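Okay, so here's the structure we're looking at.
Owing to the predicted nature of the structure, the values given are computational and were not obtained by experimental measurement.
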Amino acid sequence: MTRFWVCIAGAGFFLALLVLHSRFCASRLPPHLHLAFKISWRAEEILYRLDVDWPKYSEYFTGATFCVAVDSLNGLVYVGQRGDNIPKVLVFTEDGYFLRSWNYTVDTPHGIFAASTPQEKSVWITDVGSGFYGHTIKKYNSFGDLVQVLGTPGKKGTGLNPLQFDNPAELHVDDTGDIYIVDGDGGLNNRLIKLSQDFMILWLRGENGTGPAKFNIPHSVTVDSTGRVWVADRGNKRLQVFDKDTGDWLGEWKNCFSEEGPSAVRFTPDGKYVVVAQLNLSRLLILAAPPVGNIGDCSVVSTIQLADQVSPHLLEVSRETGAVYVAEIGAKQVQKYIPVNSWHMAELPDLLDFYHFTSGNDCTALLIGLTRFEHHTFHQQQIITDVFYATQ
């Protein structure tokens with residue numbers, strides 16, 4: 001038992017020296033320790049980490065990846081890509097395994113949304129092509145069979161009866177079946193349209209301009225859990241917010257977008273954060289979500305800086321896992337970022353080091369385990385510590 005406490009004291013002293021040294025003499029640390037403690041010291045600011053194992057094989061990306069959707073109910077990920085003589089839609093599992101691809105009636109995909117129920121797997125695609133299937137919004141089943149077409153195929157326009165689009169950017173299908181569409185990725189229209197589940201227009205907002213409820217390239221749309229519709233008004237460098245029932249304008253966020261406007265907007269499943277992509281800056285912003293009844297000002301909680309010219313175009317957040325999938329048109333790939341507080345036992349091999357120590361009182365194992373312990377989030381550290389003391 002005496003040896004146990006000697007090892008604990010020695011390990012604690014060792015870690016204290018490393019932390020103090022990394023804090024005040026970081027430039028003198030060996031490179032691997034310098035990096036490790038730099039990350040550990042600022043771990044509270046890191047909300048996501050890259051899942052380097054997704055997808056399992058990246059060679060399926062053969063074109064410019066413009067959009068991504070997640071069917072959390074069935075664990076599927078849909079990717080829309082552009083290019084000649086390639087499949088336009090790729091289907092993966094959330095674990096990264098490729099399932100299938102299809103190309104039927106897809107011209108130039110821009111946005112994609114999965115809206116599945118226990119009875120039906122459905123995928124909606126906004127098509128901005130100039131061919132026969134362009135300027136439409138189309139509903140497919142999971143295998144690519146065309147189910148529904150909104151708009152006038154191959155003909156852009158501003159009409160409402162029949163409904164016409166010009167470069168429809170993205171859509172969101174609510175759990176009620178209502179559809180929210182941002183129409184006007186550089187086309188004739190700059191508007192937000194709400195349709196009922198039987199495709200009747202419930203309300204319409206927007207025209208070209210800079211004032212409230214006016215747009216300059218409305219590029220992405222989502223609905224939060226409190227009934228607010230959020231639009232990435234890319235050209236005006238702001239997010240605009242509307243009441244989903246009435247269409248009333250509720251406010252805007254501009255102060256976070258002085259450098260570049262948002263190209264995509266989504267909420268995390270817990271409603272705590274807003275995830276935004278900035279195309280030309282190759283950056284993701286994690287913003288604090290506003291409380292109910294108050295839009296307030298935009299506040300950046302964390303950022304994910306991607307490599308130059310990666311160009312994140314649109315993104316999606318899994319309702320089940322909270323993972324963020326980013327469609328990168330510059331890098332021609334989709335990357336997956338997972339919350340740092342999501343983990344599995346297989347991702348915590350350090351538990352074995354701790355268990356080995358508790359069984360054999362091995363000081364070396366303890367030092368190794370405690371050094372790796374620094375890399376985990378606070379939540380993971382609590383679990384490791386609980387397991388450690390439970391075995392004493």
Query raised in the report: Is Lys244 salt-bridged to Asp174, cutoff N-O under 4.0 Å?
Result: yes
Query raised in the report: Should the pair His313 and His219 be assigned to parallel (<30°), tilted (30 to 60°) or perpendicular (>60°) ring geometry?
Result: perpendicular
**Report entry** Donor-acceptor pair, side chain of Trp102 and main chain of Asp145, under 3.5 angstrom
**Finding:** no
Query raised in the report: Is there a donor in the side chain of Tyr48 and an acceptor in the side chain of Ser302, or the other way round, less than 3.5 Å apart?
Result: no
Query raised in the report: Asp297 and Trp253: side-chain donor and acceptor closer than 3.5 Å?
Result: no
Requested in this report: Keeping to residues at least two apart or across chains, list the salt bridge (charged side-chain N to carboxylate O under 4.0 Å, His left out) pairs with something in residues 194-218.
Outcome: Asp178-Lys194
**Report entry** Nearest-0.5 Å distance that lies between atom CH2 in Trp124 and atom CD1 in Ile137
**Finding:** 8.0 Å
Without placing hydrogens or testing angles, list every side-chain donor-acceptor pair under 3.5 Å for residues 148-156, not counting sequence neighbours.
{"residue": "Thr152", "atom": "OG1", "partner": "Lys155", "partner atom": "O", "Å": "2.8"}
{"residue": "Thr152", "atom": "OG1", "partner": "Gln164", "partner atom": "NE2", "Å": "3.4"}

Requested in this report: Only pairs at least two apart or in different chains count here, so list each salt bridge (charged side-chain N to carboxylate O under 4.0 Å, His left out) that has a residue in residues 89-106.
Outcome: none
Query - Member of Leu171, Val173, Leu192 meeting the side-chain contact (heavy atoms from CB on, under 4.5 Å) criterion with Ile181 - result: Leu171
**Report entry** All pairs passing salt bridge (charged side-chain N to carboxylate O under 4.0 Å, His left out) where residues 304-322 contributes a residue, at least two apart
**Finding:** Asp175-Arg319, Arg266-Glu316
Report summary line: The side-chain hydrogen bond (donor to acceptor under 3.5 Å, both in side chains) partner of Arg191 among Thr158, Asp166, Asp183 is Asp183
Query - Partner set under ring pair (Phe, Tyr, Trp, His ring centres under 6.0 Å) for Tyr133, not counting sequence neighbours - result: none
**Report entry** Tyr325 six-ring centre to Lys336 NZ/CZ under 6.0 Å and within 45° of normal
**Finding:** no
Query raised in the report: Does Glu259 come within less than 4.0 Å of Arg283, counting only side-chain N to carboxylate O?
Result: yes
Query raised in the report: Hey, does the side chain of His135 reach the backbone of Asn167 with a donor-acceptor pair shorter than 3.5 angstrom?
Result: yes
Report task. Quick one: closest heavy-atom pair of Arg228 and Val292, and the distance? Result -> NH1-CA, 4.2 Å
Query raised in the report: Can Gln240 and Trp249 be counted as having a side-chain donor-acceptor contact under 3.5 angstrom?
Result: yes
Report task. Please check if any side-chain donor atom of Glu328 sits under 3.5 Å from a side-chain acceptor atom of Gln333, or the reverse. Result -> yes
Query raised in the report: Just wondering, more than 12 heavy atoms not from Phe132 lying within 6.0 Å of its CZ?
Result: no
Query - Non-neighbouring partners of Phe98 that pass ring pair (Phe, Tyr, Trp, His ring centres under 6.0 Å), sequence neighbours left out - result: Tyr60, Phe92
